[in-house]
Number of protein chains: 6
Amino acid sequence: MFMHNKRLMYTVRVGAPDPKLASLMLEQFGGPDGELAAAMRYFTQGLGDDDPGRKDMLIDIATEELSHLEVIGSIIAMLGKGTRGRLAEGVDAGAGLLTSLTAGGESHTLSVLYGSGPSLVNSAGVPWTAAYVDSRGDPTCDLRSNIAAESRAKIIYERLINITDDAGVKDALTFLMTREIAHQKSFEKALYAIEDNFPPGKLPGDPKFTDSYYNSSQGEGDTRGPWNQGEDWEFISDPDRMAAVDGGSGEASVKLSASDSRALNRMMERTASRADGNPLTGAELGSGAQLDIGGRPLS
Amino acid sequence: MFMHNKRLMYTVRVGAPDPKLASLMLEQFGGPDGELAAAMRYFTQGLGDDDPGRKDMLIDIATEELSHLEVIGSIIAMLGKGTRGRLAEGVDAGAGLLTSLTAGGESHTLSVLYGSGPSLVNSAGVPWTAAYVDSRGDPTCDLRSNIAAESRAKIIYERLINITDDAGVKDALTFLMTREIAHQKSFEKALYAIEDNFPPGKLPGDPKFTDSYYNSSQGEGDTRGPWNQGEDWEFISDPDRMAAVDGGSGEASVKLSASDSRALNRMMERTASRADGNPLTGAELGSGAQLDIGGRPLS
Amino acid sequence: MFMHNKRLMYTVRVGAPDPKLASLMLEQFGGPDGELAAAMRYFTQGLGDDDPGRKDMLIDIATEELSHLEVIGSIIAMLGKGTRGRLAEGVDAGAGLLTSLTAGGESHTLSVLYGSGPSLVNSAGVPWTAAYVDSRGDPTCDLRSNIAAESRAKIIYERLINITDDAGVKDALTFLMTREIAHQKSFEKALYAIEDNFPPGKLPGDPKFTDSYYNSSQGEGDTRGPWNQGEDWEFISDPDRMAAVDGGSGEASVKLSASDSRALNRMMERTASRADGNPLTGAELGSGAQLDIGGRPLS
Amino acid sequence: MFMHNKRLMYTVRVGAPDPKLASLMLEQFGGPDGELAAAMRYFTQGLGDDDPGRKDMLIDIATEELSHLEVIGSIIAMLGKGTRGRLAEGVDAGAGLLTSLTAGGESHTLSVLYGSGPSLVNSAGVPWTAAYVDSRGDPTCDLRSNIAAESRAKIIYERLINITDDAGVKDALTFLMTREIAHQKSFEKALYAIEDNFPPGKLPGDPKFTDSYYNSSQGEGDTRGPWNQGEDWEFISDPDRMAAVDGGSGEASVKLSASDSRALNRMMERTASRADGNPLTGAELGSGAQLDIGGRPLS
Amino acid sequence: MFMHNKRLMYTVRVGAPDPKLASLMLEQFGGPDGELAAAMRYFTQGLGDDDPGRKDMLIDIATEELSHLEVIGSIIAMLGKGTRGRLAEGVDAGAGLLTSLTAGGESHTLSVLYGSGPSLVNSAGVPWTAAYVDSRGDPTCDLRSNIAAESRAKIIYERLINITDDAGVKDALTFLMTREIAHQKSFEKALYAIEDNFPPGKLPGDPKFTDSYYNSSQGEGDTRGPWNQGEDWEFISDPDRMAAVDGGSGEASVKLSASDSRALNRMMERTASRADGNPLTGAELGSGAQLDIGGRPLS
Amino acid sequence: MFMHNKRLMYTVRVGAPDPKLASLMLEQFGGPDGELAAAMRYFTQGLGDDDPGRKDMLIDIATEELSHLEVIGSIIAMLGKGTRGRLAEGVDAGAGLLTSLTAGGESHTLSVLYGSGPSLVNSAGVPWTAAYVDSRGDPTCDLRSNIAAESRAKIIYERLINITDDAGVKDALTFLMTREIAHQKSFEKALYAIEDNFPPGKLPGDPKFTDSYYNSSQGEGDTRGPWNQGEDWEFISDPDRMAAVDGGSGEASVKLSASDSRALNRMMERTASRADGNPLTGAELGSGAQLDIGGRPLS
């Protein structure tokens, strides 16, 4: 069960409204690495998890991310306060307002559609989608996804800090960025507190293919490193050894019943593209002057 | 700032695992009228609102909806516990598991992709999208959207109750359904506590068109009611009075500069479809036996 | 069955092409509160409805919304005529065209991808999705959704009017805005013409929870109003009374078969995060200079 | 301006309700090749087109497609009438209803979310998106897209006919399928009525590369046909002739200012992956028993 | 099986970084007519096709499109190199960077979210979706879709060329544009090499409706052409001949069981909108000063 | 530049067609952790990366993932061969085909829409979206995302193996699963080959908040572990220490110009929800018998 306290987790002091900047901040409100994505990633994992300690941690951090969502949303709301009133009241209506709403970023949509309130879209105006949430119900995967997500969130905050001069905004963003570092540390501890967490799951890999590295991209500039050199790796550059690595024909086959075969063959015959001849095509009809239905120039 | 209490808002007692039923319950977890949509609708409005009482109400209810999200998510998690362990441990692997995962609903995706944990998709497996959230930053609109959303959520819960025999699930769903009624009542009070809330916004309508009703669908079965009859309405059935109601030509026009005109004319000439003649087409080439490039049958 | 008359419902007289303004107008062509969303909301409801009068009204208004879609689409087409010809014919090709297409809004995508024709995207370029359509097949819900949708459409038109100086565009937008008011009135009549329309559906709420208001957001600034005060409401502020309101444990449980239990326990053991000890993590490996595989500094 | 006539374009006589079949019919209501996609494809093109005859044809056919949308939607509504009443009234509530809603297809979502009314989703429950609409504002492209779209719609109708025994449904589907054939014929005529419609647009291709065919897929089974053999084609099989076909280095380069170079170099140094050595990784930490922070086994 | 050669198919020589131009180029990287859409369209068709020659061609061209994806992606990467380093290193942090990222197009999202690397979004920042891929598993449809897709891709490249002054970018774009022409030619040959490819599929149309043209859009400006005039067409303008063309009632009906009927009737009665009377509505309550619960002015 | 070899990377030998199983396999073709997502994740990173070794590795593995996409797509194509022919040729048309297409999973959509060919949707029929691709242009983030993605892909393959009895399918899936393990190992090496890779980016966190752990979820069941206990962590349970952690007021503020203030205040006054009184609402009008416009019972 959730409770809310009216004080923000971090005080938000914005220097002046700026709808352009507001629209960039949306990235961490309704963007793929934003706070809703974080909260929902950990919350869905926590609800499904059967390990009491990990479940507790996941809900702890999910809850904190909701508090962060409120902080970044409040920044956006404050940056939008100027446009909000003017557009609602029709102050400076016409070209003046139009110019102020199209000064850059996605402030035009933030203002016209969302009334300058925080909306769950990213900095391009794309609505948040749960396709961003990669919870899979296996802790060794989910914790790795969380570690990755926290690292991405950290970078996006860093970029937003780099494009801001407003001291109050920078200050709050720095707090939010810092917490992503702390969360990553917690998730790392929880991952490595799982005995034998690699590879994930229960089924072992096929030892014939666990240590092979296929040099699929070749040509000048081939460079090696610990990811494909050393005793751990079998480095394979011969293209013949990359096809049909099982030693088979490299073909796909299926055993069909007689009636399925018959149906498929009928379809194949009916829709075959003849390899011989040179049929007249629509493109050829369409190049230059047209023909009429009788094959004469369409005068 | 948010806090979480480990006790659910409502105790969840599920009789037995049922992945099919679990997948239907997703509708209120990650569906368009589900609890995340509700929580985010009110939370985004609350962050942007400038009226202290309404803002407080919006955050109160947003917070409660998060608690509901936890309840419905816990129902899904419990209904999925059977598949969760068996799929992870490979118990009954093969046809047995396949059959149990494809017994109906969307349990196949819930199990294979999400590991039987609650996921932010609807009962068809469609990821939640913020396109469901219709907050617009105007309270007379937003409160109407909230009223409508609560009514929809009520109906979906009613349908889910109607397809469930599990007493514990029905009990928790009834609680959740009831709260939608209570929330609708609150939002109604807040809407009607706004002086002169209709029409929304500040600009008045054009009185020439505020009371007209266009009988656009005609023929046997035309039926009237208070929505188009009585003193309040001018009922217009003559199609001529539905076109160009401004009394103009009904055409669209724009004043182009000379150079824009020239460019547009060039494009029009270049891409004109000639109205005369009867050109030979690709479909005609393709009907029956093909021709070769010289126009002869492709033997 | 539909018919079309070549005269627009309202004459469109655009002063001059303006691709930036065109891209903002897309909000009411392919945006969430635009005319396609309106037409499809009422059309899908009308097709499914069994009440003859309401069905007639829904199709009447759906049809009119299609006529509106044509009006707003024609505005966009006219505003785009300048870019359309120049980009197609390569007039002023290079930096000149680039500058004119990136002057603001989403005119770059409108021009490059859609050739300056009206496209079913919103003002941020997001394609229209039926996720915007909230028809649920229950008239007391659907009419409330329609009322809310009309109110939102009204506000968006008002905002677009506020950012336009072009008299012809303002004139046509005012007509479209006005019709949203009229439609809202019709839908209100149809809703209140349903006997006992609240709460929606057939199942009553649980009287224990219908009148409770949970003060989930607390702290300085708590404000009450008719939405949570007075005789109608039980106002609950004690967090203990918000958890497990059914009087139970507040826990989620499910009865598992012995074999399901065994599988789940095996999974839990295999994936437990140990609460004791302090495991070395990847983040710790990654802070500062790296170690080699033997645990020595990677010189 | 649109008008509606209450008579359907084609009479719909459904033999018996069948929610499973209803959910498959959604493919042509809210699917990618369904009637809304068709109507919107031609409608958006018609609004933008400057050629009077073609514009007229596009709106003619768009309007007819709306009439088709109504026919297919009415089929879905009729097939859903059984579930609609029973779910709303709670008849046979519990396991009985659950079983009937999960008998196959996507009837579970059609019933629970959409109340058995026609909804703008495809047969998998995916909401319709304007991403299906490929109008680009150039008639030689758009007409080709229309031709292709009509051919796809024809096939989907054919498949739906093949899975239906209901005579009334088959009859109406056959009508709809037939009209796609007629529409394709019209679009073909309009395309070939454009003088010199291939290649589309104004800029010619580079003659060095217009007639080359790159045999990018090689190995046993290489098969040739008129698409790559004959005088029209230069058939290139030598991989060396497929890389850097311009005769250059095949590298990507950009001229950077000194300050941009400096910044980029700093970033490269800071984030370089060292090619030498063999760093200890998280996966190695995670394989087998864990280490504690001091590098000892985590007992 | 795929192999990669480090040399690009076409050398990319960009004159100077330009994040605005980079964001427009995204249209052909992650847009609907971009190279990923092309590659995936042909690849999915090739995997499913049973005709050896056509399958080979489809994989040939799919593979080439992947090489094109690499070329356009490299152009974007080069155009973004300036912002990439500066944003990562915080050079010119603050208003300077903000201004450079919001100069137009969608460069703000390209830089902040994607770090100036090529990302699979279109020029509006909309993520690529497989909804763009219209492969249907029937070659006469799929080849038509391919022909249309190549024509669209050609036009988008032409537009991008028209907005670019950078000689190296223009050069590479011209190559890519040219190849779309060549691919269209191949697909045309393969289509017309299918005996009797129109209409697609196996079921014939109903001859009663194959040659009818419904003049659904009427009024001044009605224009005819080969798409609806001549011996091939029956031109129908009488609206009465467009409704219920089967000669039936034009109504939709379904045979319901007695119990289904009863349930539906109960629902209809319960939710009827009464046609008589004039109910007081929420909108009326909301117009002007509000009433209190007792019906008195809310003082 | 890419080349293709007609031999698959792994031979595919399917025992018998099974459209239900085919539809589940889609998860790794067009699902979020499928092979297209993998290929595009690494390909986009590789194009943007400036580190030669890492870039080479990324393109190597991206290329291999394309070969995997071909393998899993071929499995799907083989499993679908039975339905493909029968549906195209209308064999067993009617109820027989319907039953075979709705036996479970998403085979109905796979067959009707995609003609049983591999399509870029997941096992629920949801089209692939680039929202799955989390490349951000920073290697320390991207490599962590890759590690997480490989771990997720491994688990999904494991689940698919667990639901399959077909020996040939299991064999090929085991190969694909194994390669995810190998790729994870490579990405781990590349990550730890970056000096000082944690925290990502350049800006340090604020040391005041790097080591705090907020116990946001409280109540019975609170459990600690290395993620929040020990010397590394400051464990904070007092809710007062979680609000306004900066020591400020916890409020959000912005400095508005006088004119912005005036506009905002006007809007606030115009849209205030009055806290006093008890307004009559629409829900109250709608509960029980309706009133007519004059406030009398609507007889």
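It should be emphasised that the depicted structure is a prediction, and the values quoted were computed from it without experimental measurement.
In this structure the side chain of D50(D) reaches within 4.5 angstrom of the side chain of R84(C), judged on heavy atoms. Using a 4.5 Å cut-off on side-chain heavy atoms (C-beta onward), I293(C) and E284(D) make contact.
Using a 4.5 Å cut-off between heavy atoms, K55(C) does not touch chain D at all. Within the 4.5 angstrom heavy-atom criterion, only side-chain atoms of I59(C), from C-beta onward, approach chain D. Within the 4.5 angstrom heavy-atom criterion, no atom of S116(C) approaches chain D. Residue A77(C) touches chain D through its side chain alone, counting heavy-atom pairs closer than 4.5 Å. Looking at R136(C), the atoms closer than 4.5 Å to chain D (heavy atoms on both sides) sit in the backbone and in the side chain alike. Contact annotation for L285(C): only side-chain heavy atoms (C-beta onward) come within less than 4.5 Å of a heavy atom of chain D. Neither the backbone nor the side chain of L203(C) comes within less than 4.5 Å of any heavy atom of chain D. Proximity to chain D is absent for every atom of Y10(C), based on heavy atoms less than 4.5 angstrom apart. Using a 4.5 Å cut-off between heavy atoms, E89(C) contacts chain D through both its backbone and its side chain. Heavy atoms closer than 4.5 Å to chain D are found in both the backbone and the side chain of E70(C). Heavy atoms closer than 4.5 Å to chain C are found in the backbone of S135(D), but not in its side chain.
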* List the steps, then state whether side-chain contact (heavy atoms from CB on, under 4.5 Å) holds for F43(C) with L69(D). => CA-CA 10 Å; F43(C) 182 65; L69(D) 186 69; 3.4 Å; yes
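Checking side-chain atoms of S67(C) against main-chain N and O of F2(D) turns up a donor-acceptor pair under 3.5 Å. Counting only distance, with no hydrogens or angles, the side chain of K6(D) and the backbone of M1(C) share no donor-acceptor pair below 3.5 Å. A donor-acceptor pair is defined here as one N or O able to donate and one able to accept, closer than 3.5 Å; no such pair exists between the side chain of T129(C) and the backbone of T129(D).
L298(D) contributes atom CG, which lies 10.0 Å from atom CG of L280(C) (distance to the nearest 0.5 angstrom). For the atom pair OH of Y114(C) and CG of D134(D), the computed distance is 10.5 Å after rounding to the nearest 0.5 Å. Here the straight-line distance linking atom CZ of R296(D) with atom CG of N278(C) works out to 10.0 Å at 0.5 Å rounding.
Each of V71(D), L36(D), L47(D) has some count of heavy-atom pairs under 4.5 Å with chain C, and the biggest count is that of L47(D). Note: A130(C) leads A88(C), A130(C), A283(C) in heavy-atom pairs under 4.5 Å with chain D. Options D138(C), L113(C), V126(C) differ in how many heavy-atom pairs under 4.5 Å they form with chain D, and the most are formed by L113(C).
Looking at every heavy atom in both residues, A131(D) comes nearest to P127(C) through N-CB, 3.8 Å.
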